[in-house]
Enquirer: 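One structure follows; several queries about it will come next.
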Protein chains: 2
Amino acid sequence: MAFIDLSAVRTIGVIGAGTIGSSWTAWFLAKGLSVRLTDPVASAPDSVRGYVREAWTALTRLGITREPLDAALARLSFHGTAADAATGADFIQENAPERAPIKRAVLAEIDSVLPGDRVIASSTSGFGVTEMQAEMRHPERLVVGHPFNPPHLIPLVEVVGGGATSEEAVQWAISFYNHIGKRAIHVRKEVPGHIANRLQVALWREALHLVATGVGSVDDVDAAIAHGPGLRWAAMGPHLTFHLAGGRGGMAHFFDHLGPAIERWWADLGTVEITPELRDQMVRGVNDEIGTRSFEDLVAERDEKLLGVLAAVTPKL
Amino acid sequence: MAFIDLSAVRTIGVIGAGTIGSSWTAWFLAKGLSVRLTDPVASAPDSVRGYVREAWTALTRLGITREPLDAALARLSFHGTAADAATGADFIQENAPERAPIKRAVLAEIDSVLPGDRVIASSTSGFGVTEMQAEMRHPERLVVGHPFNPPHLIPLVEVVGGGATSEEAVQWAISFYNHIGKRAIHVRKEVPGHIANRLQVALWREALHLVATGVGSVDDVDAAIAHGPGLRWAAMGPHLTFHLAGGRGGMAHFFDHLGPAIERWWADLGTVEITPELRDQMVRGVNDEIGTRSFEDLVAERDEKLLGVLAAVTPKL
């Protein structure tokens with residue numbers, strides 16, 4: 001089935017106004033789209049407007065939008081049910097709580113009112129598309145569109161189809177996200193954690209192992225990334241980084257020259273189990289690292305650096 | 001034994017003028033230090049001066065130095081042997097080829113002429129301190145001071161002591177590197193790959209696994225980092241990132257809330273073997289990712305982004 005033209009998309013139905021739903025809302029508004037939002041929490045309209053207000057400062061500074069906040073907020077409406085929010089929407093971004101019965105009920109409700117030529121994307125990190133689409137009337141238009149927190153700043157969106165998803169829906173979602181300025185990737189198989197979270201936890205497992213075995217303090221292991229490879233990974237992914245590390249011989253030379261050393265290091269990597277002792281050790285270690293900085297200090301420090309990093313690596317907007 | 005006062009360090013002996021030695025030289029000069037350099041290759045003086053010239057543009061742009069290049073190069077001298085380069089040096093940064101007999105011979109030569117109150121650091125990524133210090137007269141002053149390429153841009157230095165290294169030498173090296181504007185960490189045990197390379201290859205193993213099993217293209221797996229967690233890791237290390245992801249409950253809440261999901265993801269992570277087939281698949285995939293960009297294009301793109309990232313995350317200089 002043919003899906004709606006990208007250029008015809010004007011209105012997004014956003015389901016759920018937690019952090020992820022609020023952040024998606026800010027991005028959609030910044031791209032000139034209208035948002036129909038629903039959330040059962042009574043204070044949701046206030047909290048979303050507050051979130052968008054803060055996000056707008058960053059989005060303005062990054063040059064993503066030049067629109068006054070009030071003009072943008074005039075395109076945001078609140079609705080009592082998922083069906084209401086979906087009515088008239090050209091695309092759905094679902095961010096309901098990560099509990100299977102809730103996800104299924106919400107998706108069924110949207111599915112029943114939304115024309116079949118509209119794609120539904122779920123922000124889920126934990127559920128597979130195949131399990132969520134089982135009872136849908138139009139299962140072929142359901143995808144995962146998994147953002148990275150916060151979606152209004154981090155470009156990555158992971159798009160995954162399920163067993164009953166059409167290839168057209170997957171390609172439409174990828175095109176749509178890219179069309180509105182995100183960087184969508186195609187996760188070609190349903191695997192736990194999609195791609196980015198698997199890479200994150202693969203690194204973190206070794207990071208925990210190094211702390212647990214006394215090789216490095218929590219602070220020093222963090223510094224090993226943030227003052228080392230993390231700086232390079234903001235510029236280029238790991239494959240391309242190693243390709244350039246191979247010099248003019250590129251990836252082939254890198255494998256031939258460093259493959260044996262890397263295989264020895266792989267053989268020595270550890271695993272960990274999340275025990276109460278490890279949890280306590282990590283909580284103490286992070287508190288040592290933080291020192292006297294408050295939660296607000298840390299968030300402000302991260303966001304300030306993140307905005308600078310984004311401005312440095314994003315093609316001019 | 002007491003080592004020389006940090007404030008008395010004026011002259012660095014740099015052994016080896018490959019990429020790492022040249023880059024270290026640029027950093028030392030930018031910090032106002034003198035460099036006594038040795039390398040058996042006849043063209044080394046020209047190639048080092050050329051490297052420093054290029055690096056100077058970046059170091060000036062970052063605000064690390066305001067000194068004219070020629071004034072800095074007047075503090076760079078070339079010497080025929082490691083013993084000559086070490087004579088009169090207050091600290092040694094050794095970057096000889098990664099072959100055990102060469103390293104041992106060079107270290108013995110330096111050790112025999114350098115007063116016992118001076119620390120010797122090796123840039124090695126592959127050798128342990130204990131094996132390198134076995135035949136030294138003053139083994140207690142040998143450490144690994146492992147930089148991240150290129151050392152004149154990436155702040156991280158991993159300091160490791162061996163079985164015969166004194167705690168004073170380790171602490172002196174950490175203090176010295178921090179004193180001259182690097183971010184030194186203490187690797188408390190001799191493990192293959194120190195810390196940062198272990199974290200890098202832990203992530204890369206899963207990245208290769210995802211490509212090898214068809215979950216994502218080379219391009220998309222790279223994007224999953226560079227447009228996702230890589231942006232956050234340039235701002236903060238993985239532990240602190242997850243601490244903030246736990247909200248006000250911090251790391252404790254993060255473990256309690258997401259620990260089970262992470263353990264499921266860990267259980268599904270893969271391993272790979274570097275076969276000729278995987279090597280060829282990666283070479284093809286990286287070439288697809290690169291498209292029509294030349295090697296020079298890619299290096300320029302990476303360096304431009306890296307300079308922007310560094311300017312964004314580095315405390316104002």
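All values derive from a computational prediction rather than experimental measurement. Within every chain, numbering begins at 1; the chains are lettered A, B, ... in the order of the sequence lines, protein sequences first and strands thereafter.
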Enquirer: For A/E54, does the CD atom have more than 12 heavy-atom neighbours from other residues, nucleotides or ligands under 6.0 Å away?
Expert: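 Result for CD/A/E54: open.
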Enquirer: Taking all non-hydrogen atoms of both residues into account, name the closest pair between A/G270 and B/R198 and its distance.
Expert: N-NH2, 4.4 Å
Enquirer: At a 4.5 Å cut-off on heavy atoms, which part of B/S217 comes close to chain A: side chain, backbone, both, or neither?
Expert: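 For B/S217, heavy atoms of backbone and side chain both lie under 4.5 Å from chain A.
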Enquirer: Do other residues, nucleotides or ligands put more than 12 heavy atoms under 6.0 Å from the CZ atom of A/R293?
Expert: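 Atom CZ in A/R293 is crowded, with more than 12 foreign heavy atoms closer than 6.0 Å.
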Enquirer: Heavy-atom pairs under 4.5 Å with chain A - which of B/L298, B/V157, B/V187 has more of them than the others?
Expert: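 Looking at each of B/L298, B/V157, B/V187 in turn, B/L298 comes out on top.
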Enquirer: Kindly compute the distance separating CZ (A/R205) from CG (B/L203), expressed to the nearest 0.5 Å.
Expert: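 Output value for this atom pair is 11.5 Å.
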Enquirer: Hey, does A/V201 have a side-chain heavy atom less than 4.5 Å from the side chain of B/E206?
Expert: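 Answer no - side chains too far apart.
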Enquirer: Quick check for you: among A/S125, A/G228, A/A245, A/A267, which has the greatest number of heavy-atom pairs under 4.5 Å with chain B?
Expert: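 Counting heavy-atom pairs under 4.5 Å, the top option is A/G228.
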Enquirer: Highest number of heavy-atom pairs under 4.5 Å with chain A: which of B/W266, B/F254, B/F148?
Expert: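 Of the options given, most contacts go to B/W266.
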Enquirer: I'd like to know which of A/L240, A/I262, A/V299, A/V283 tops the heavy-atom pair count under 4.5 Å against chain B.
Expert: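 If we count pairs closer than 4.5 Å to chain B, A/L240 comes out on top.
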Enquirer: Do you know the tightest heavy-atom contact between A/A196 and B/P229?
Expert: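 For A/A196 versus B/P229, the nearest heavy atoms are CB-CD, 4.1 Å.
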Enquirer: Quick check on the interface: out of A/I225, A/I274, A/L307, A/V309, who has the most heavy-atom pairs with chain B under 4.5 Å?
Expert: A/I274
Enquirer: Count the heavy-atom pairs under 4.5 Å between each of A/P147, A/G216, A/G247 and chain B, then report the option with the highest count.
Expert: A/G247
Enquirer: Charged N to carboxylate O below 4.0 Å: is that the case for B/E296 and A/R248?
Expert: yes
Enquirer: Given the options B/G214, B/G250, B/G259, which has more heavy-atom pairs under 4.5 Å with chain A than any of the others?
Expert: B/G214
Enquirer: Top residue by heavy-atom pair count (under 4.5 Å) with chain A, among B/P238, B/G126, B/A202?
Expert: B/P238
Enquirer: Between A/I154, A/D268, A/L153, which shows the greatest number of heavy-atom pairs under 4.5 Å with chain B?
Expert: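 Looking at each option in turn, the highest pair count goes to A/D268.
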Enquirer: Is the ring centre of A/F255 less than 6.0 Å from the ring centre of B/W204?
Expert: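 Ring centroids of A/F255 and B/W204 are less than 6.0 Å from each other.
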Enquirer: A/L210 versus chain B, heavy atoms under 4.5 Å apart: side chain, backbone, both or neither?
Expert: side chain
Enquirer: Working to the nearest 0.5 Å, report the span between CG of A/D219 and NE2 of B/H186.
Expert: 13.5 Å
Enquirer: What heavy-atom pair brings A/G308 and B/A312 nearest, and what distance separates the two atoms?
Expert: C-CB, 3.3 Å
Enquirer: So for A/E273, is it side chain, backbone, both, or neither that comes closer than 4.5 Å to the heavy atoms of chain B?
Expert: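 For A/E273, the contact with chain B is made by backbone and side chain together.
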Enquirer: Could you tell me which portion of B/A252 (side chain, backbone, both or neither) has an atom closer than 4.5 angstrom to a non-hydrogen atom of chain A?
Expert: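 B/A252 touches chain A through backbone and side-chain heavy atoms alike.
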Enquirer: Kindly give the heavy-atom pair with the smallest separation between B/M236 and A/A226, and that separation in Å.
Expert: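 Heavy atoms of B/M236 and A/A226 come nearest at C-CB, 3.8 Å.
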Enquirer: Identify which part of A/A261 has an atom lying under 4.5 Å from any heavy atom of chain B, answering side chain, backbone, both or neither.
Expert: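 Neither part, no heavy atoms under 4.5 Å.
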Enquirer: If every non-hydrogen atom of B/A234 is compared with every non-hydrogen atom of A/A234, which pair is closest and at what distance?
Expert: CB-CB, 3.8 Å
Enquirer: Hey, mind stepping through B/R183 and A/D220 against side chain to side chain contact (heavy atoms under 4.5 Å, CB included) and telling me if it holds?
Expert: CA-CA 10 Å; B/R183 176 64 163 87; A/D220 277 354; 3.8 Å; yes
Enquirer: Measure the shortest side-chain to side-chain distance between B/L156 and A/L231 over non-hydrogen atoms and say whether it is less than 4.5 angstrom.
Expert: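 With C-beta onward as the side chain, the pair stays apart.
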Enquirer: What part of B/R302 gets within 4.5 angstrom of chain A, counting heavy atoms only: side chain, backbone, both, or neither?
Expert: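 For B/R302, backbone and side chain are both near chain A.
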Enquirer: In terms of heavy-atom pairs under 4.5 Å with chain A, which of B/K189, B/E190, B/R264 leads?
Expert: B/K189
Enquirer: What option among B/K305, B/H239, B/H227 has the most heavy-atom pairs under 4.5 Å with chain A?
Expert: B/H239
Enquirer: Do the non-hydrogen side-chain atoms of B/F242 and A/Q200 ever get within less than 4.5 Å of each other?
Expert: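 Yes, at least one pair of side-chain atoms sits under 4.5 Å.
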Enquirer: Any idea which of A/L306, A/L244, A/N287, A/V272 has the most non-hydrogen atom pairs under 4.5 angstrom with chain B?
Expert: A/L244
Enquirer: Is there a side-chain contact between B/H243 and A/E289 in this structure, where contact means two heavy atoms from C-beta onward sitting under 4.5 Å apart?
Expert: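 No, every pair of side-chain atoms sits at 4.5 Å or beyond.
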Enquirer: So does A/D222 pair up with B/R232, basic N to acidic O under 4.0 Å?
Expert: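 So A/D222 does not pair with B/R232 through a salt bridge.
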Enquirer: What is the minimum heavy-atom distance between B/A223 and A/I185, and which atoms define it?
Expert: CB-CG2, 3.7 Å
